[in-house]
**Student:** 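Take this structure, written in structure tokens, and hold onto it; I'll ask about it next.
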2 protein chains.
Amino acid sequence: MNKKYYETIFQIIRTGHWITDQVSKELKEFGITEPQFNVLRILRGAKGKPISVSDVLERMVQRNSNITRIVDKLLIKGFAERKECPTNRRKMDLTITEAGLKKLKELDERVEAFHQPFIGKLSPSELETLKKLIIKLKS
Amino acid sequence: MNKKYYETIFQIIRTGHWITDQVSKELKEFGITEPQFNVLRILRGAKGKPISVSDVLERMVQRNSNITRIVDKLLIKGFAERKECPTNRRKMDLTITEAGLKKLKELDERVEAFHQPFIGKLSPSELETLKKLIIKLKS
DNA sequence: AATATACATTTGTACATACAATAGATGTTT
DNA sequence: AAACATCTATTGTATGTACAAATGTATATT
């Protein structure tokens with residue numbers, strides 16, 4: 001009973017974790033953890049505009065991360081900048097640096113290379129169906 | 001380009017992590033972590049027969065776990081037993097205890113209750129399609 | 001203005017995780 | 001049988017994570 005549901009859920013969980021695990025391994029070579037990679041991409045996504053710690057948090061896949069410490073690591077590597085927000089001194093203005101953008105480009109290439117073998121496995125309409133079904137499942 | 005692929009992958013990742021995060025929170029109330037829960041279920045799955053650390057590892061969703069330390073925690077709680085394997089002293093015979101089985105039943109109920117609202121969201125044929133598409137994607 | 005409440009981030013700390021190094025047992029080769 | 005390689009599990013250690021408490025700032029209430 002409900003066997004089919006659990007089998008399907010199991011596939012989703014296993015696939016999701018497997019992908020992030022594999023990507024983590026690719027990133028490790030660059031001395032970057034997956035949360036650091038995600039924060040970098042979020043900073044880039046802000047397109048030059050500084051964003052706050054809580055903004056980053058909102059956009060994170062894993063919401064429980066400690067952004068301060070992740071950003072600490074990015075600062076050390078020179079990939080991000082952190083300044084007090086001038087209009088609200090409680091907040092921090094976080095931005096990605098040129099070095100961060102450059103590194104991110106490298107990382108993206110590596111991640112893309114990882115995905116390459118899978119991209120052709122499903123047709124566009126199959127991908128669409130898959131996406132829609134997952135969204136429906138969560139709705 | 002390949003936007004649809006990445007959107008779909010993103011849904012899989014996010015959903016997979018979201019489910020395990022939610023389940024972790026449910027388990028936390030019982031003082032059990034998700035890896036511990038998984039190991040317990042694997043031990044139960046052995047149906048009374050003792051299995052080794054490497055057997056457990058093979059069946060884990062997250063393969064990088066340190067089984068020794070997870071089992072340590074289960075021993076402390078009295079949910080598992082660990083003996084030297086008599087036929088191969090390199091190996092350990094791991095089993096679930098009565099207390100472990102009882103606790104696991106409670107945990108299962110809680111996890112089921114979490115899934116309940118989602119079970120009806122997709123029809124059996126939709127679930128089947130979803131499962132098949134994910135498997136095909138990884139193939 | 002003083003006090004309280006809410007907000008944004010950081011820090012302390014206990015715990016978990018990753019991975020390499022180690023230890024001990026078994027299997028294989030000569 | 002001795003030497004070497006392989007298998008299995010544990011441990012050391014550095015790093016990451018979770019979550020509560022603390023810090024500092026802004027806003028609301030009296």
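So you know, we letter chains A, B, ... as the sequences are listed, proteins then strands, and number each from 1. Computed over heavy atoms, backbone and side chain alike; hydrogens, waters and symmetry mates excluded. All figures in this text were calculated on a predicted structure; none of them were measured in a lab.
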**Student:** Tell me: NZ of A:Lys83 to P of C:dT9, nearest whole Å?
**Tutor:** 16 Å
**Student:** Which residue lies toward the 5' end of DNA chain D, A:Pro35 or A:Glu84, if each is placed at its nearest nucleotide?
**Tutor:** A:Pro35
**Student:** Identify which one of B:Lys77, B:Lys73, B:Arg69 satisfies the side chain to side chain donor-acceptor pair (under 3.5 Å) criterion when paired with B:Gln36.
**Tutor:** B:Lys77
**Student:** Does any part of the side chain of B:Lys121, heavy atoms only, come nearer than 4.5 Å to the side chain of A:Tyr5, both counted from C-beta?
**Tutor:** no
**Student:** N/O contacts under 3.5 Å, protein versus nucleotides 4-7 of chain D?
**Tutor:**
residue, atom, partner, partner atom, Å
D:dC7, O2, B:Arg90, NH1, 3.3

**Student:** Would you tell me if any nitrogen or oxygen in the side chain of B:Thr68 comes within less than 4.0 Å of OP1 or OP2 on D:dT11?
**Tutor:** no
**Student:** Given D:dT17, is OP1 or OP2 found less than 4.0 Å from the side-chain N or O atoms of A:Ser65?
**Tutor:** no
**Student:** Is there a side-chain polar atom (N or O) of B:Arg82 under 4.0 Å from OP1 or OP2 of D:dA9?
**Tutor:** no
**Student:** Which part of the nucleic acid does B:Lys28 contact within heavy-atom distance under 4.0 Å: base, sugar-phosphate only, or nothing?
**Tutor:** sugar-phosphate
**Student:** Could a donor-acceptor pair under 3.5 angstrom be found where the side chain of B:Arg69 meets the base of D:dG12?
**Tutor:** yes
**Student:** Without decimals, in angstroms, what is the distance between A:Met60 CE and D:dG16 C1'?
**Tutor:** 13 Å
**Student:** List the atom of B:Ile70, the atom of B:Ser65, and the distance in Å for their closest heavy-atom pair.
**Tutor:** CD1-CB, 3.7 Å
**Student:** If the plane angle is over 60° it's perpendicular, under 30° parallel, otherwise tilted; pick one for B:Phe114 and B:Trp18.
**Tutor:** tilted
**Student:** How many whole angstroms separate atom CD1 of B:Ile70 from atom P of C:dC15?
**Tutor:** 16 Å
**Student:** Just the rounded figure in Å: distance from C1' of C:dA14 to CD1 of B:Ile76.
**Tutor:** 14 Å
**Student:** Do any side-chain nitrogens or oxygens of B:Lys73 fall under 4.0 Å of OP1 or OP2 in C:dC15?
**Tutor:** no
**Student:** Round to a whole Å and report the spacing from CE of B:Met92 to P of C:dG24.
**Tutor:** 13 Å
**Student:** Is it true that A:Asp55 and A:Lys49 make a salt bridge, defined as a side-chain N closer than 4.0 Å to a carboxylate O?
**Tutor:** no
**Student:** Between A:Asp21 and A:Ser54, name the one whose nearest nucleotide on DNA chain C is closer to the 5' end.
**Tutor:** A:Ser54
**Student:** Between atom CD1 in A:Ile67 and atom P in D:dA18, what is the gap in whole Å?
**Tutor:** 11 Å
**Student:** Applying side chain to side chain donor-acceptor pair (under 3.5 Å) between A:Glu126 and each of B:Lys4, B:Lys132, B:Lys136, report the one that passes.
**Tutor:** B:Lys136
**Student:** Indicate if B:Leu75 and B:Leu43 have the same hydrophobic cluster label, given that clusters are the connected sets of ILVMFWY residues with side-chain heavy-atom separations under 4.5 angstrom.
**Tutor:** yes
**Student:** What is the separation between atom CD1 on A:Ile32 and atom P on D:dT15, rounded to the nearest whole Å?
**Tutor:** 15 Å
**Student:** Specify the residue among A:Asp72 and A:Asn88 whose closest nucleotide of DNA chain C lies further upstream toward the 5′ end.
**Tutor:** A:Asn88
**Student:** Whole angstroms only, please: what is the CG-C1' distance between A:Asn66 and D:dA20?
**Tutor:** 12 Å
